[in-house]
S.K.: 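Okay, here's the structure, questions in a sec.
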There are 2 protein chains.
Amino acid sequence: MTDDRLTPRAREIAAVARELLEESGPAALTMRTLADRLGIKAPSLYKHFPDKQAVEVELTARMLAESAEALEAAEARAPGSLEAVAGAYRAYALAHPHLYCLATERPLPRAQLPAGLEDRAALPLLRACAGDLDLARAVWAFAHGMVILEIHGRFPGDADLGAAWKRGLKALHP
Amino acid sequence: MTDDRLTPRAREIAAVARELLEESGPAALTMRTLADRLGIKAPSLYKHFPDKQAVEVELTARMLAESAEALEAAEARAPGSLEAVAGAYRAYALAHPHLYCLATERPLPRAQLPAGLEDRAALPLLRACAGDLDLARAVWAFAHGMVILEIHGRFPGDADLGAAWKRGLKALHP
DNA sequence: CAGACATGGCTAACGTCGTTAGCCATGCCT
DNA sequence: AGGCATGGCTAACGACGTTAGCCATGTCTG
C-alpha cells in the first residue's frame with residue numbers, strides 16, 4: 001500500500017535527512033552528519049540508498065506529495081478558488097523553504113519518482129484554472145517565482161509581497 | 001570609470017570563470033579547474049579573490065549588468081512595451097542559463113554589489129509597468145518563474161511555453 | 001643606484017566531502 | 001547445522017575549498 005519503493009529503514013533515514021535539511025539548510029545535509037544523527041557511520045547509509053542524490057530524490061518526492069495534499073485540502077475547503085490554492089502553495093513553500101528549494105531548483109528526477117506524483121501535484125492548480133493549461137502554467141510560474149524570490153530575499157526588504165500576490169492573482173484570474 | 005572594484009587580473013579570472021560556468025555548468029566551476037584554464041595553480045587565485053564566493057559574486061554582478069543592458073536595449077527599441085522587455089528577459093536568461101541560475105538562486109549579495117546595480121536591473125520592468133510597483137513585482141515573479149522552471153526542465157516536454165508566456169503577459173498587462 | 005615593498009606566482013598540507021572495498025555480527029529459513 | 005540476507009563497521013581514495021609560507025619579479029623611493 002504505502003510506499004513500497006523504500007524499506008522501513010530507508011524511510012527512517014529519509015525522515016532524519018528531512019529534519020536535518022529543514023532545521024539547518026542544505027549545507028548541513030551531509031552523509032556524515034546524517035549518519036551521526038542516526039547513530040551510525042556514513043558508509044552504512046549506502047546499504048539503504050545508492051548515493052546522496054537518491055536521498056534527495058526521496059525528499060523531493062515527499063515535498064511533492066505533501067504540497068499536493070496541502071493544495072487538495074485548500075481545494076476542498078474552497079472549491080474552485082484560485083486564491084485558496086495559491087494561498088496554500090505560498091504557505092506550504094514558506095513553511096518549508098529548504099525542502100521547497102531542494103525539490104524545485106534542479107531538474108525533476110521523473111524516472112525515480114512515484115508514478116503520477118508529478119501530475120497529482122499539478123492538478124489542483126489546473127482545476128482552479130478550469131482546465132486552461134496555458135493559464136495554469138502562467139499561474140504556476142507566478143506562484144513559484146513569488147515564493148522562490150521571497151525565500152532568497154530577492155525583493156527589497158520593504159516590498160509589500162501580499163499586495164504583489166493579490167495584484168498578480170487578480171490579473172491572472174479575473 | 002569602468003569597474004575599479006577589481007584589478008585587471010581579477011577581471012581576467014572572472015572572465016575565464018564565466019566561460020567555464022557557461023560551457024560546463026556549476027559543478028565544473030572549481031578553483032582548481034579555474035586555475036588550470038588560467039595556467040596557474042589554485043592557491044594563486046586567492047591573491048585576487050578572497051574566496052570562491054567572491055568570484056561568484058562578480059559573475060552575479062556581470063549577469064545583472066548584462067541583463068540590465070539587454071532590457072534597456074529592448075526598451076529603446078520598443079518604448080513602453082512590456083512584451084518587448086519580457087521577451088528580452090526570457091531571451092537573455094535562456095541564452096545564459098547557468099549564469100542566470102548562479103546569479104538568481106541564492107540571496108542577493110547586496111553588500112558586495114556595485115551601488116545602484118540592483119535598481120538598474122529592476123527599472124526597465126518597472127517602467128514598462130508604468131511605475132506600478134506591485135504589478136512590476138508580479139510580472140518579475142512570473143518571468144523569473146517561467147524562465148527558471150524552463151531551465152530546469154520542470155514543464156512537461158510537450159508544453160507550449162510561448163503560449164503560456166503570451167497568456168501570462170496578456171493577463172498581467174491588458 | 002640600492003634597497004624596500006607590492007605583486008603574483010609556487011609547494012605542501014589540512015579538513016571535509018561523497019564514495020568504495022572489504023570485513024563481521026546477527027538472525028532467519030531450510 | 002549451515003547458508004544467506006541484513007546492516008553495521010574501519011580504512012581509504014580522490015576531489016574540493018582553503019591556509020601557510022616561500023620565492024621571483026619589477027617598481028618606486030631614499
Side-chain angles (χ1 to χ4, degrees), chain A residues 3-61 98-99 101-103 105-107 109 111-112, chain B residues 2-61 98-99 101-103 105-107 109 112:
Chain A
D3 219 0
D4 57 338
R5 306 177 312 113
L6 251 51
T7 122
R9 185 54 165 154
R11 253 175 281 137
E12 278 179 46
I13 292 174
V16 174
R18 188 228 174 102
E19 281 177 27
L20 202 49
L21 173 68
E22 296 217 48
E23 288 170 16
S24 314
L29 184 52
T30 284
M31 294 306 262
R32 283 173 165 90
T33 71
L34 175 54
D36 268 6
R37 279 231 187 170
L38 287 154
I40 62 179
K41 302 296 177 180
S44 302
L45 293 171
Y46 292 82
K47 298 285 174 159
H48 306 281
F49 289 93
D51 50 31
K52 186 185 179 183
Q53 226 197 73
V55 178
E56 296 174 342
V57 166
E58 176 57 23
L59 298 190
T60 298
H98 293 307
L99 186 58
C101 288
L102 179 81
E105 288 183 325
R106 64 199 69 201
Q112 19 278 343
Chain B
T2 67
D3 220 358
D4 56 338
R5 306 178 311 113
L6 252 50
T7 123
R9 185 55 168 153
R11 252 174 282 138
E12 280 179 46
I13 293 175
V16 174
R18 187 227 174 104
E19 281 177 26
L20 203 48
L21 173 68
E22 297 216 47
E23 288 171 17
S24 314
L29 183 53
T30 284
M31 295 304 263
R32 282 172 166 92
T33 71
L34 176 54
D36 267 5
R37 280 232 187 171
L38 286 154
I40 63 179
K41 303 296 177 180
S44 302
L45 293 171
Y46 292 81
K47 298 286 175 158
H48 307 280
F49 289 94
D51 50 32
K52 188 185 178 183
Q53 225 197 72
V55 179
E56 295 174 342
V57 166
E58 175 58 21
L59 297 190
T60 299
H98 294 307
L99 186 57
C101 288
L102 179 80
E105 287 183 326
R106 65 201 65 202
Q112 21 276 345

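Model, not experiment: these values are computed from the prediction. Within every chain, numbering begins at 1; the chains are lettered A, B, ... in the order of the sequence lines, protein sequences first and strands thereafter. All values below come from the heavy atoms of this structure, side chains included, with hydrogens, waters and symmetry mates left out.
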S.K.: Return the CG to CZ distance between A/Leu59 and A/Arg18, rounded to the nearest 0.5 Å.
M.R.: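 Result: 8.0 Å between the selected atoms.
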S.K.: With rounding to the nearest 0.5 Å, note down the distance linking NZ in A/Lys52 to CG in A/Leu29.
M.R.: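 Interatomic distance, A/Lys52 NZ to A/Leu29 CG, rounded to 0.5 Å: 5.0 Å.
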S.K.: Any chance you could measure B/Arg11, atom CZ, to B/Glu58, atom CD, to the nearest 0.5 Å?
M.R.: 8.5 Å
S.K.: I want to check something: taking the side chain as every heavy atom from C-beta on, are B/Val55 and B/Leu45 in contact at a cut-off of under 4.5 Å?
M.R.: no
S.K.: Over how many whole Å does the gap from A/Arg9 atom CZ to C/dT26 atom C1' extend?
M.R.: 15 Å
S.K.: I need the CG-P distance between B/Asp36 and D/dC16, as an integer number of Å.
M.R.: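 After rounding, the gap between these two atoms is 9 Å.
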S.K.: Please report, rounded to the nearest Å, how far the P atom of C/dT20 is from the CG atom of A/Asp51.
M.R.: 8 Å
S.K.: Nearest whole Å is fine: how far is D/dG8 P from A/Phe49 CZ?
M.R.: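 Rounding to the nearest Å, CZ of A/Phe49 and P of D/dG8 are 12 Å apart.
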S.K.: Taking only side-chain nitrogens and oxygens of A/His48, does any of them come within less than 4.0 Å of OP1 or OP2 of D/dT6?
M.R.: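 Result: no.
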S.K.: How long is the line joining CG of B/Leu45 and P of C/dG9, in whole Å?
M.R.: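 To the nearest whole Å, that distance equals 9 Å.
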S.K.: Are any protein N/O atoms closer than 3.5 Å to N/O atoms in nucleotides 10-17 of chain C? If there are, list each pair with its distance.
M.R.:
residue: C/dC10; atom: OP2; partner: B/Lys41; partner atom: N; Å: 2.5
residue: C/dC10; atom: OP2; partner: B/Ser44; partner atom: OG; Å: 3.0

S.K.: Please identify each residue that fulfils side chain to side chain contact (heavy atoms under 4.5 Å, CB included) with B/Ala103, with sequence neighbours left out.
M.R.: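 For B/Ala103 the side chain to side chain contact (heavy atoms under 4.5 Å, CB included) partners, ignoring immediate neighbours, are B/Thr60, B/Met63.
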S.K.: Minimum heavy-atom separation for A/Phe49 and A/Ala14, please, with both atom names.
M.R.: CZ-CB, 4.4 Å
S.K.: Mind calculating the distance between CG (A/Leu34) and P (C/dG18) to the nearest angstrom?
M.R.: 9 Å
